[in-house]
**Q** 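Sharing a structure below in structure tokens format, with a few things to ask.
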Amino acid sequence: VQLQASGGGLVQAGDSLRISCAASGGTFTNFDMAWFRRAPGKEREFVAGVMRYLRKLYAEDVKGRFTISRDNDKKTVDLQMNSLKPEDTAVYFCAASSLVLGLRTSDNYPYWGQGTQVTVSS
């Protein structure tokens, strides 16, 4: 499966931004989908995930601010980010996995998009 992320940009603290990931190839409904991010000087970290049967998980520091959703007909997964903070600045990656393993662990995802930059100014 190929993943293409889009929608990043430069916003101010408190603003909202929606990023999207389009999948092609494979059977989309067989995949768990997730967003990870890598901030400058930090390790890649889990942000949010939506499983093939629609269970959703969030990292603690985005819970209540970010919402992940998937559209199986369009083969997309979106991340709506509200109340953005400067510490949300990172490159955001979408990932897909057909393995039935931990959703929060990046090593469990064989397929990755190219990343989209999100910058939040203070």
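Start at 1 with the first residue, then count along the sequence. Hydrogens, waters and symmetry mates play no part in the numbers below; they use all other heavy atoms, side chains included.
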**Q** Is a side-chain N or O of R104 found less than 3.5 angstrom from the main chain of E45, in a donor-acceptor match?
**A** no
**Q** Rounded to the nearest 0.5 Å, what separation is found between the OG atom of S98 and the CZ atom of F28?
**A** 13.0 Å
**Q** Who passes salt bridge (Lys or Arg N to Asp or Glu O under 4.0 Å) against R18, sequence neighbours left out?
**A** D78
**Q** Any ring-ring contact (aromatic ring centres under 6.0 Å, His included) involving residues 96-122? Give me the pairs, sequence neighbours left out, ordered by first then second residue.
**A** F31-Y111, F36-Y109, F36-W112
**Q** Under the disulfide (SG to SG under 2.5 Å) rule, what pairs show up with a residue in residues 57-122, not counting sequence neighbours?
**A** C21-C94
**Q** Does NZ in K56 sit with more than 12 non-hydrogen atoms of other residues, nucleotides or ligands closer than 6.0 Å?
**A** yes
**Q** Less than 4.5 Å apart, any side-chain heavy atom of L54 and any of R70?
**A** yes
**Q** Roughly how far apart are L84 CG and T119 OG1, rounded to 0.5 Å?
**A** 10.5 Å
**Q** Mind checking the CG-CE spacing from D32 to M51? Nearest 0.5 Å is all I need.
**A** 4.5 Å
**Q** Give a yes or no on whether F46 and M81 share a hydrophobic cluster (residues Ile, Leu, Val, Met, Phe, Trp, Tyr; joining criterion: side-chain heavy atoms under 4.5 Å apart).
**A** no
**Q** Set out, in order, the CA-CA distance, both residues' side-chain angles and the distance that settles side-chain hydrogen bond (donor to acceptor under 3.5 Å, both in side chains) for S16 and N82, then state yes or no.
**A** CA-CA 4 Å; S16 297; N82 299 329; 2.9 Å; yes
**Q** For residues V77 and Y53: do they belong to one hydrophobic cluster (side chain heavy atoms under 4.5 Å, members Ile, Leu, Val, Met, Phe, Trp, Tyr)?
**A** no
**Q** Taking all atoms of both residues into account, what is the closest heavy-atom pair of N108 and S97, and its distance?
**A** O-OG, 2.8 Å
**Q** Please list, one pair per line, the donor and acceptor atoms closer than 3.5 Å that link side chains of residues 1-11 to other protein atoms, with sequence neighbours excluded.
**A**
none

**Q** Measure the shortest side-chain to side-chain distance between I19 and V118 over non-hydrogen atoms and say whether it is less than 4.5 angstrom.
**A** yes
**Q** If I compare all heavy atoms of V120 with all of T89, which pair ends up nearest, and what's the gap?
**A** N-OG1, 2.9 Å
**Q** Does Q12 CD have over 12 foreign heavy atoms under 6.0 Å away?
**A** no
**Q** Kindly work out whether a path of hydrophobic side-chain contacts (I/L/V/M/F/W/Y, heavy atoms less than 4.5 Å apart) joins L103 to V47.
**A** no
**Q** Would you say the side chain of V91 lies within less than 4.5 Å of the side chain of R44, judging by non-hydrogen atoms?
**A** no
**Q** Rounded to the nearest 0.5 Å, what's the gap from CG on L99 to CG on N30? Could you check?
**A** 11.5 Å
**Q** Output every pair passing side-chain hydrogen bond (donor to acceptor under 3.5 Å, both in side chains) with a member in residues 57-69, not counting sequence neighbours, ordered by first then second residue.
**A** R37-D61, E60-K63, R65-D88
**Q** Write out all pairs satisfying ring-ring contact (aromatic ring centres under 6.0 Å, His included) with one or both partners inside residues 72-97, taking only residues at least two apart or from two chains.
**A** none
